[in-house]
Amino acid sequence: VQLQASGGGLVQTGGSLRLSCAASGHTFGYYVMGWFRQAPGKERVFVAVISRSGSDTFYSDSVKGRFTISRDNAKNIVYLQMNSLKPEDTAVYYCAADGGRTTTQAPNYDYWGQGTQVTVSS
């Protein structure tokens with residue numbers, strides 16, 4: 001499956017953005033979908049994950065209550081709604097697809113999008 005992330009940009013502290021990740025292929029619903037982010041000079045870290053059906057979600061503590069992951073299997077898209085953004089949210093955001101179990105571990109993901117830059121100004 002090929003993944004294309006979009007929706008990043010520059011926003012002020014407290015603002016909102018919605019990231020989208022469009023997937024090619026007809027097996028989107030087979031994959032657990034995750035969002036990760038990587039700040040300059042830091043490792044890529046887990047942000048959020050959603051199960052195949054969309055019924056289960058899990059978030060990192062740093063974004064819980066501010067970000068919402070969702071998916072539309074009919075449109076082959078996964079979203080990340082980001083509210084109350086903070087400067088520490090500044091990073092390149094990546095979507096990823098995992099054909100196995102729901103996981104927060106990046107090495108378990110099989111496919112990755114190209115990333116979209118999110119910059120939050122103070």
Query raised in the report: So, does Gln2 use its side chain to make a donor-acceptor pair with the main chain of Ala23 at under 3.5 Å?
Result: no

Report task. Keeping to residues at least two apart or across chains, list the disulfide (SG to SG under 2.5 Å) pairs with something in residues 50-85. Result -> none

Requested in this report: Using ring-ring contact (aromatic ring centres under 6.0 Å, His included) as the criterion, list what pairs up with Tyr31, not counting sequence neighbours.
Outcome: Tyr111

Query - Closest contact, heavy atoms only, Val47 versus Val63 - result: O-CG2, 3.6 Å

**Report entry** Shared hydrophobic cluster for Val118 and Leu3 (ILVMFWY, side-chain gaps under 4.5 Å)
**Finding:** yes

Query raised in the report: Residues two or more places apart in sequence or in another chain: which of them pass side-chain hydrogen bond (donor to acceptor under 3.5 Å, both in side chains) with Thr119?
Result: Gln117

Query raised in the report: Between Trp35 and Phe46, does the ring centre distance come in under 6.0 Å?
Result: no

Report summary line: Separation between CE (Met82) and CD1 (Ile69), nearest 0.5 Å, reads 12.0 Å

Query raised in the report: Are any non-hydrogen side-chain atoms of Val1 and Tyr30 less than 4.5 angstrom apart?
Result: no

Report summary line: Taking every heavy atom of Cys95 against every heavy atom of Ala5, the minimum-distance pair comes out as SG-CB, 4.1 Å

For residues 96-105, please give each side-chain donor-acceptor pair under 3.5 Å, one per line with the distance, not counting sequence neighbours.
unit_1: Asp98; atom_1: OD1; unit_2: Gly100; atom_2: N; d: 2.8
unit_1: Thr103; atom_1: OG1; unit_2: Gln105; atom_2: N; d: 3.0
unit_1: Thr103; atom_1: OG1; unit_2: Asn108; atom_2: ND2; d: 3.2

Report summary line: One should read off an interatomic distance between Ser51 OG and Met33 CE, to the nearest 0.5 angstrom, of 12.0 Å

**Report entry** Pairwise side-chain contact, Phe67 with Leu80, heavy-atom cut-off 4.5 Å (strictly under)
**Finding:** yes

Query raised in the report: What pairs meet the salt bridge (charged side-chain N to carboxylate O under 4.0 Å, His left out) rule with one or both residues in residues 65-77, with sequence neighbours excluded?
Result: Arg66-Asp89

Report task. Return yes if some donor-acceptor pair links the side-chain N/O of Thr116 with the main-chain N/O of Gly8 below 3.5 Å, else return no. Result -> yes

Report summary line: In short, disulfide (SG to SG under 2.5 Å) pairs touching residues 49-92 with sequence neighbours left out are none

Report task. Sorted by first residue and then second, give each salt bridge (charged side-chain N to carboxylate O under 4.0 Å, His left out) pair with at least one member in residues 40-56; sequence neighbours left out. Result -> none

Could you list the donor-acceptor pairs under 3.5 angstrom formed by side chains in residues 12-21, with sequence neighbours left out?
unit_1: Thr13; atom_1: OG1; unit_2: Ser121; atom_2: O; d: 2.7
unit_1: Ser16; atom_1: OG; unit_2: Asn83; atom_2: OD1; d: 2.9

Report summary line: Residue set satisfying side-chain hydrogen bond (donor to acceptor under 3.5 Å, both in side chains) with Tyr93, at least two apart, ordered chain then number -> Arg37

Report summary line: side-chain hydrogen bond (donor to acceptor under 3.5 Å, both in side chains) filter on Ser122, not counting sequence neighbours, yields none

Report task. Hey, could you give me each pair passing disulfide (SG to SG under 2.5 Å) that has a residue in residues 58-90? Not counting sequence neighbours. Result -> none

Query raised in the report: Would you call the rings of Trp112 and Tyr94 parallel, tilted or perpendicular, where under 30° means parallel and over 60° means perpendicular?
Result: perpendicular

Requested in this report: Would you mind reporting whether Tyr59 and Thr68 have side-chain heavy atoms less than 4.5 Å apart?
Outcome: yes

**Report entry** Other cluster members, Ile77 - Ile/Leu/Val/Met/Phe/Trp/Tyr, side-chain contacts below 4.5 Å
**Finding:** Tyr79

